[in-house]
Amino acid sequence: MDELDQKIINALATDSSTSVSRLARRFKVARSTVQARLEKMESNGTIAGYTIKLGKAVTARRIRATVLIETVPREVTAVVARLKAIPEVEMVATSTGRVDLIAQIACGSTEDIDETLDRIADLAGVQDIDSMIHLSTKFDRSV
């Protein structure tokens with residue numbers, strides 16, 4: 001990946017709806033050059049897809065929490081599959097240290113957070129959970 005590829009990725013990470021023509025004008029290259037670079041990055045797996053990032057008008061009404069999950073030994077895969085079935089669970093990552101999984105959940109109210117935490121704690125294979133409610137986001141660099 002060269003400098004132009006990185007510029008294209010950064011521009012699309014900021015606004016995935018940016019047109020090929022606009023990218024070409026911004027970086028002073030031919031439209032066909034940008035199109036070819038995008039096709040190459042899509043085919044080699046550098047770009048896996050295009051998405052939207054929700055704005056504050058939507059996210060301000062959602063309460064997020066990070067959930068640290070300790071599982072029964074050798075049950076991580078099964079617990080991940082069960083977490084995937086809970087719509088409020090936005091993301092799950094494996095972890096090192098005292099917990100096995102880190103999940104991020106988002107709900108419309110503290111009551112919904114409480115219910116979701118109870119559902120997670122009750123899953124077969126979950127030994128213990130610890131939760132931290134997000135109060136405010138100071139910055140977000142996620143792509």
Side-chain angles (χ1 to χ4, degrees), residues 1-71 73-121 123 125-143:
M1 184 171 5
D2 66 9
E3 185 179 344
L4 179 57
D5 290 342
Q6 193 59 54
K7 286 179 180 179
I8 292 169
I9 288 172
N10 290 341
L12 291 173
T14 302
D15 182 359
S16 65
S17 68
T18 305
S19 70
V20 171
S21 299
R22 179 170 282 160
L23 292 169
R25 283 192 304 274
R26 182 182 302 170
F27 303 127
K28 298 178 176 49
V29 296
R31 184 186 179 288
S32 59
T33 300
V34 173
Q35 187 64 49
R37 297 293 185 103
L38 286 171
E39 288 171 5
K40 180 180 175 188
M41 289 188 283
E42 289 167 359
S43 67
N44 72 17
T46 301
I47 295 176
Y50 301 86
T51 187
I52 62 168
K53 189 170 188 175
L54 297 174
K56 288 188 184 227
V58 174
T59 59
R61 295 189 304 263
R62 297 169 75 201
I63 301 168
R64 283 204 163 89
T66 297
V67 185
L68 306 177
I69 305 168
E70 186 179 336
T71 66
R74 295 180 292 285
E75 287 288 316
V76 171
T77 303
V79 171
V80 169
R82 292 178 189 114
L83 288 167
K84 202 177 233 184
I86 301 174
E88 294 82 5
V89 177
E90 293 184 325
M91 182 277 301
V92 175
T94 55
S95 174
T96 62
R98 72 172 186 83
V99 299
D100 303 297
L101 300 169
I102 299 170
Q104 180 173 295
I105 62 174
C107 299
S109 68
T110 54
E111 290 83 7
D112 292 340
I113 288 272
D114 193 35
E115 288 175 20
T116 303
L117 292 173
D118 286 345
R119 286 178 65 193
I120 292 170
L123 290 175
V126 171
Q127 211 164 34
D128 193 25
I129 68 168
D130 191 11
S131 62
M132 298 167 279
I133 294 177
H134 302 195
L135 298 177
S136 66
T137 302
K138 302 302 182 187
F139 67 88
D140 182 356
R141 290 191 180 126
S142 61
V143 176

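All residue numbers refer to positions in the sequence shown, counting from 1. Keep in mind the model is a prediction, meaning the values are calculated, not measured.
- Of all heavy-atom pairs between Met1 and Asp5, the closest is CG-CB, 3.2 Å.
- To the nearest 0.5 Å, atoms CG (Asp128) and OG1 (Thr71) are separated by 11.0 Å.
- Thr33 is listed as a side-chain neighbour of Leu4, based on a closest heavy-atom distance under 4.5 Å.
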Next on the checklist: For Leu38 and Leu12: C-alpha separation, side-chain torsions, deciding distance, then whether side chain to side chain contact (heavy atoms under 4.5 Å, CB included) applies.
Outcome noted: CA-CA 10 Å; Leu38 286 171; Leu12 291 173; 3.6 Å; yes

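- A distance of 10.0 Å separates CG of Leu135 from CD1 of Ile63, quoted to the nearest 0.5 Å.
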Item to check | Evaluation steps, side chain to side chain contact (heavy atoms under 4.5 Å, CB included), between Glu75 and Gln127 | outcome: CA-CA 10 Å; Glu75 287 288 316; Gln127 211 164 34; over 6 Å; no

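- Among Val79, Leu83, Leu101, the one residue that satisfies the side-chain contact (heavy atoms from CB on, under 4.5 Å) test with Ile120 is Leu83.
- The salt bridge (Lys or Arg N to Asp or Glu O under 4.0 Å) with Glu88 is formed by just one residue from the set Arg119, Arg62, Arg64; it is Arg119.
- Contact of the Val29 side chain with the Arg37 side chain is not registered, since no non-hydrogen atoms from C-beta on lie closer than 4.5 Å.
- Going from atom OG of Ser19 over to atom CZ of Arg26 covers 9.0 Å, rounded to the nearest 0.5 Å.
- The two residues Ala93 and Met91 come nearest to each other via the heavy atoms N-SD, 3.8 Å.
- Between the Ser16 side chain and the Thr51 main chain, a donor and an acceptor come within less than 3.5 Å of each other.
- Nearest heavy atoms, Ala11 versus Leu23: CB-CD2, 3.5 Å.
- Taking CD of Glu115 as the reference point, atom OG of Ser109 lies at 7.0 Å (rounded to 0.5 Å).
- Remark: the backbone N or O of Val76 is not paired with any side-chain donor or acceptor of Asp100 at under 3.5 angstrom.
- Rounded to the nearest 0.5 angstrom, Met41 CE and Ile47 CD1 are separated by 4.0 Å.
- Residue Gln6 qualifies as enclosed at atom CD: its count of foreign heavy atoms under 6.0 Å is above 12.
- Side-chain contact between Met132 and Leu68: present, with at least one pair of heavy atoms (C-beta onward) separated by less than 4.5 Å.
- Remark: Cys107 SG to Leu117 CG distance equals 7.5 Å, nearest 0.5 Å.
- Salt bridge annotation for Glu3-Lys7: present, with a cationic side-chain nitrogen under 4.0 angstrom from a carboxylate oxygen.
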Checklist entry - Between Val126 and Arg82, is a side chain to side chain contact (heavy atoms under 4.5 Å, CB included) present by the stated rule, with each step listed? => result CA-CA 10 Å; Val126 171; Arg82 292 178 189 114; over 6 Å; no

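- With salt bridges taken as basic N to acidic carboxylate O contacts below 4.0 Å, one links Arg98 and Asp130.
- Side-chain contact between Ile105 and Ile86: absent, with no pair of heavy atoms (C-beta onward) separated by less than 4.5 Å.
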